[in-house]
Colleague: 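Pasting a structure here, questions to come.
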Amino acid sequence: VRYSTTGTSSLENAQPVVVSTAYGEIALAHNGDIVNADALRAELQEKGWAFATSTDSEIIVRLLANELTVSGDMVKAIKNLTRILAGSYSLAILFAGKVFGLRDPHAIKPLVLGKLQNGYGIASETVVFDFLGGTALRDVAAGEVVVIDNKGYTSHGARSNAPKAHCMFEWVYFARPDAVLEGVLVYEVRKRLGEKLAEREQVEADIVVPVPDSGRAYALGYSETSGLQYVEGLIKNRFVERTFIMPEQKARELSVKLKLNPVRQLLCGKRVVLIDDSIVRGTTMREIVRLLRKGGAREVHVRIGSPPIVAPCYLGIDMKTRDQFIALERTWDEIAKILTADSVAYVPLETLVECIGKDARDLCLGCLTAEYPVEIKGEKFRGQQVLEYYIEEGR
Ligand code: SF4
């Protein structure tokens with residue numbers, strides 16, 4: 001398993017990362033991104049440590065092995081990690097016949113505890129437990145360590161009313177629509193955003209067409225509120241991967257062409273409202289607009305169910321360089337021109353926050369506001385407490 005953020009998508013970087021210690025093997029799977037990974041790697045290499053991969057996950061597992069050697073206690077060793085690591089990390093660790101889970105002190109990436117027929121488990125999304133015939137019990141709390149063994153599970157160090165920083169992009173795009181994150185069904189958020197988009201950004205048109213699958217719930221909300229008919233004017237080849245997670249731009253462009261087929265009988269002569277969750281670079285959207293026109297659409301009005309992405313993500317989504325963002329320092333009209341669309345409109349930030357239903361201080365909105373919940377060199381820290389605030393002795 002590999003979604004490349006820090007480190008490439010090569011085989012040796014696939015997870016879990018396994019290391020041997022005097023206490024036995026540790027296997028670790030990591031969702032997130034460690035912002036001080038480079039500094040830690042350099043510091044440890046100076047001490048003579050060698051790394052087999054280019055991932056931040058290997059740094060975590062080697063630090064963990066070291067902490068375990070010092071303390072002899074895995075829970076303590078895991079808790080100590082939170083003093084060293086900055087960034088986002090939901091971890092699943094297999095060691096000595098037990099599963100250990102850790103969610104970072106800002107709870108940036110999701111982690112869920114669930115009950116299975118013969119025990120317990122942890123996963124990024126609640127749907128995993130649906131498939132396995134179990135039940136999702138609750139989100140792992142910010143900074144909490146969960147230990148699962150053959151007797152059940154125990155919780156260590158759940159804490160605090162300190163602000164969280166749940167990644168808003170999980171609700172907008174990344175998570176499955178049937179997942180429940182922090183008690184909020186992803187599908188509902190997307191549909192509400194579509195409704196708001198219709199209230200604010202109506203346009204004279206004939207049909208609403210989603211970009212499948214990411215735009216579906218948004219388009220349904222837009223259609224119900226605007227009264228425009230919902231039409232599946234683009235049909236997806238079900239055997240082709242999601243384009244956003246492909247690391248190479250070329251692969252993404254080729255994939256759009258392989259993936260979507262415009263249905264001429266539904267589109268011909270129509271004024272189309274085209275709906276998707278977000279635009280990052282704009283290359284995929286531009287290609288989709290072109291496909292709709294090829295299918296006979298008379299007008300294409302792009303409506304996006306989240307605010308413009310204008311800043312990098314250092315915390316788990318692979319978009320790290322500023323110059324790639326189509327929305328950076330451009331008006332909506334300028335964006336429409338690049339996309340060859342008749343118009344473009346987005347949802348404002350307050351509406352996004354309202355639709356997720358959380359306090360803005362408990363969300364990471366970094367790629368929309370360029371203010372981040374953890375300190376990142378060269379970027380604006382949004383003024384939350386520094387990491388140490390969350391970590392008290394013995395928790
Ligand atoms: S910067 Fe954006 S994508 Fe990255 S964790 Fe924050 S909200 Fe999510």
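Both ligands and their constituent atoms are indexed starting at 1 by order of listing. Nothing fancy with the numbering, it's 1 onward along the sequence.
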Colleague: Step by step, work out the ring pair (Phe, Tyr, Trp, His ring centres under 6.0 Å) result for Y314 and Y372.
Modeller: CA-CA 9 Å; Y314 304 93; Y372 297 86; 5.3 Å; yes

Colleague: Would you compute the distance between atom CD of Q324 and atom CD1 of I309 and round it to the nearest 0.5 angstrom?
Modeller: 9.0 Å

Colleague: R264 side chain to K294 main-chain N or O, any donor-acceptor pair under 3.5 Å?
Modeller: yes

Colleague: Which of the numbered atoms in ligand 1 are under 4.0 angstrom from any heavy atom belonging to F169?
Modeller: 3 (S), 8 (Fe)

Colleague: Which value, rounded to the nearest 0.5 Å, describes the distance between E371 atom CD and I376 atom CD1?
Modeller: 11.5 Å

Colleague: Pick whichever of C364, A165, A370, G366 has a heavy atom sitting closest to atom 6 (Fe) of ligand 1.
Modeller: C364

Colleague: Which of the atoms in ligand 1, numbered in the order shown and given with their element, are less than 4.0 Å from a heavy-atom of I317?
Modeller: 3 (S)

Colleague: Please confirm if an N, O or S atom belonging to C167, backbone or side chain, lies less than 2.8 Å from atom 8 (Fe) of ligand 1.
Modeller: yes

Colleague: Look at C313 and state whether any of its N, O or S atoms is less than 2.8 Å from atom 4 (Fe) of ligand 1.
Modeller: yes

Colleague: Check whether D73 reaches the backbone of K76 with its side chain - one donor and one acceptor, N or O, closer than 3.5 Å.
Modeller: yes

Colleague: Could you find the nearest protein heavy atom to atom 1 (S) of ligand 1 and give me its residue, atom name and distance?
Modeller: C367 N, 3.3 Å

Colleague: Under 4.0 Å from a heavy atom of M168: give me the atoms of ligand 1 that qualify, with their elements.
Modeller: 7 (S)

Colleague: Taking it one step at a time, do C367 and M168 satisfy side-chain contact (heavy atoms from CB on, under 4.5 Å)?
Modeller: CA-CA 9 Å; C367 50; M168 67 82 204; 3.5 Å; yes

